[in-house]
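Remember, it's a predicted structure, so these values are computed and weren't measured experimentally.
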Amino acid sequence: MINSNTLIDEKNQQDVMDLEQEHHSSAFNNPIRADAFELDDDTKIELISKHFASIMQVLGMDLEDDSLKDTPKRVAKMYVKEIFSGLNPVNKPKLTLFNNSFQYKRMLVERNISVFSNCEHHFVPIVGKAHVAYISNGQVIGLSKLNRIVQYCSQRPQVQERLTIQIANLLKEALGTEDVAVIIDAHHHCVSSRGIKDAGSATITAEYGGQFLSTDTKNEFLKYIGL
């Protein structure tokens with residue numbers, strides 16, 4: 001006789017495996033290991049906290065100081081629960097679709113979506129705006145879900161080119177259409193706060209699919225976002 005708890009555990013394991021496979025296939029080569037999801041969040045926070053405390057000690061910081069003693073735990077929690085939470089596929093947003101009852105067949109554009117990510121080369125912020133657009137093939141997505149897609153893909157160590165493609169791929173997957181466009185305009189703190197220390201430069205990346213490969217459609221999108 002098979003225990004019901006065993007069946008539940010097996011189902012949970014299969015759900016995780018499905019999420020992992022989905023994450024790997026849609027992540028466009030995020031450099032994550034095959035065992036990336038074996039540790040739970042609490043364990044990751046505990047381990048990162050210990051390692052970050054070691055980094056602070058090497059730098060000569062006094063971890064007995066009231067201002068610093070809880071910093072390793074705060075950093076670890078921030079990494080796992082916030083700024084790198086997009087690494088875990090269980091945090092993928094639930095995307096709600098609606099029938100396009102108004103038969104709106106032109107592009108929908110949401111511009112100036114906040115982007116907060118981190119450069120995977122130096123682990124310092126990438127901050128900017130994303131502009132996304134799509135043309136409905138029969139369904140539309142809740143507007144806030146566009147923001148959540150950008151946020152989910154951003155909350156990983158990233159390079160901007162990959163981030164742009166990931167957002168476009170997730171939109172295509174959710175909407176069931178290739179008619180998607182994404183532009184990101186961002187400042188990289190690895191450029192502004194270190195190295196060359198150029199605070200005035202910005203990086204623009206773009207990804208177009210379907211009808212947006214047409215010059216007229218692309219130019220209409222660029223006009224709407226002011227580029």
Side-chain angles (χ1 to χ4, degrees), residues 19-20 22-39 41 43-61 68 71-93 112-132 147-171 180-208 227:
L19 282 167
E20 290 175 6
E22 178 184 340
H23 189 66
H24 284 298
S25 63
S26 64
F28 197 76
N29 298 328
N30 255 105
I32 54 177
R33 301 192 318 270
D35 63 351
F37 312 108
E38 291 183 0
L39 299 179
D41 283 359
T43 302
K44 288 180 179 180
I45 289 171
E46 180 182 355
L47 291 171
I48 292 171
S49 179
K50 290 178 180 178
H51 288 302
F52 200 81
S54 296
I55 291 172
M56 294 179 67
Q57 288 171 342
V58 170
L59 290 172
M61 308 297 290
L68 298 179
T71 295
K73 182 69 175 290
R74 284 192 292 261
V75 170
K77 186 176 180 180
M78 176 184 68
Y79 277 5
V80 174
K81 296 292 189 179
E82 298 178 77
I83 64 176
F84 298 137
S85 62
L87 287 171
N88 193 334
V90 301
N91 294 321
K92 182 178 178 179
N112 296 328
I113 301 173
S114 295
V115 171
F116 294 99
S117 191
N118 277 265
C119 166
E120 68 182 35
H121 301 137
H122 296 92
F123 273 47
V124 291
I126 300 171
V127 180
K129 298 292 184 182
H131 314 287
V132 303
N147 301 67
R148 292 188 184 279
I149 288 172
V150 172
Q151 182 185 51
Y152 172 65
C153 295
S154 298
Q155 290 178 331
R156 308 168 187 173
Q158 280 287 20
V159 294
Q160 187 171 323
E161 297 92 333
R162 183 200 301 130
L163 174 59
T164 308
I165 296 170
Q166 285 179 344
I167 293 169
N169 286 348
L170 197 50
L171 281 169
V180 163
V182 178
I183 288 180
I184 295 178
D185 184 350
H187 295 273
H188 291 242
H189 285 221
C190 59
V191 174
S192 63
S193 65
R194 56 160 302 283
I196 192 65
K197 294 184 179 180
D198 182 354
S201 63
T203 301
I204 295 177
T205 49
E207 178 71 4
Y208 304 107
L227 291 178

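- Using a distance-only test at 3.5 Å, with no hydrogens or angles considered, a donor-acceptor pair links the side chain of N88 to the main chain of V90.
- Side-chain contact check for L39 versus L47: some heavy-atom pair is nearer than 4.5 Å.
- I183 and A206 make their closest contact through CG1-CB, 3.7 Å (heavy atoms, listed as atom of the first residue, atom of the second, distance).
- Note that NZ of K92 and SG of C153 are 9.0 Å apart. Values are rounded to the nearest 0.5 Å.
- Within 6.0 Å of CG on L59 lie more than 12 heavy atoms contributed by other residues, nucleotides or ligands.
- In this structure, A130 and I184 approach most closely via the heavy-atom pair CB-CG1, 4.1 Å.
- For the pairing with T164, the side chain to side chain contact (heavy atoms under 4.5 Å, CB included) check across E161, Q160, Q166 returns one residue only, Q160.
- A heavy-atom distance below 4.5 Å is found between the side chains of K129 and S114.
- Shortest non-hydrogen contact noted between N118 and P125 is OD1-N, 3.7 Å.
- Using a 4.5 Å heavy-atom cutoff, the side chains of E207 and I167 are not in contact.
- No more than 12 heavy atoms of other residues, nucleotides or ligands lie within 6.0 Å of NZ in K73, so this atom counts as exposed by the packing criterion.
- Separating the OH atom in Y152 from the OG atom in S154 is a distance of 12.0 Å, to the nearest 0.5 Å.
- Closest heavy-atom contact between C190 and V124: N-CG2, 3.4 Å.
- Two residues are said to be in side-chain contact when any heavy atoms from C-beta on lie closer than 4.5 Å; H131 and N112 meet this criterion.
- Between F84 and Y79, the ring planes are tilted. Angles from 30° to 60° get that label.
- The CZ atom of R148 lies 12.0 Å from the CD1 atom of I113; values are rounded to the nearest 0.5 Å.
- Heavy atoms only, all atoms of each residue included: L87 and F37 are closest at O-CE2, 3.2 Å.
- Counting only distance, with no hydrogens or angles, the side chain of S192 and the backbone of G200 share no donor-acceptor pair below 3.5 Å.
- Inter-residue side-chain proximity for T203 and V191 is flagged as unmet; no heavy-atom pair is nearer than 4.5 Å.
- In this structure, H187 contributes its side chain and S201 its backbone to a donor-acceptor pair below 3.5 Å.
- Under the 4.5 Å side-chain criterion, counting only non-hydrogen atoms from C-beta, M61 is not in contact with T71.
- E120 pairs by the side chain to side chain contact (heavy atoms under 4.5 Å, CB included) definition with P31, P157, V159, R162, not counting sequence neighbours.
- How far NE2 of H189 is from OG of S117: 11.5 Å, rounded to the nearest 0.5 Å.
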Query raised in the report: Does the side-chain contact (heavy atoms from CB on, under 4.5 Å) test come out yes or no for V150 and V115, once each step is laid out?
Result: CA-CA 7 Å; V150 172; V115 171; 3.8 Å; yes
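- Panel note: side chain S49, backbone E46; no donor-acceptor pair is recorded below 3.5 Å.
- Annotation: the span from I149 atom CD1 to N169 atom CG amounts to 11.0 Å, rounded to 0.5 Å.
- Atom CZ of R33 and atom CD of E38 lie 8.5 Å apart (nearest 0.5 Å).
- Of all heavy-atom pairs between Q155 and E82, the closest is CD-O, 3.4 Å.
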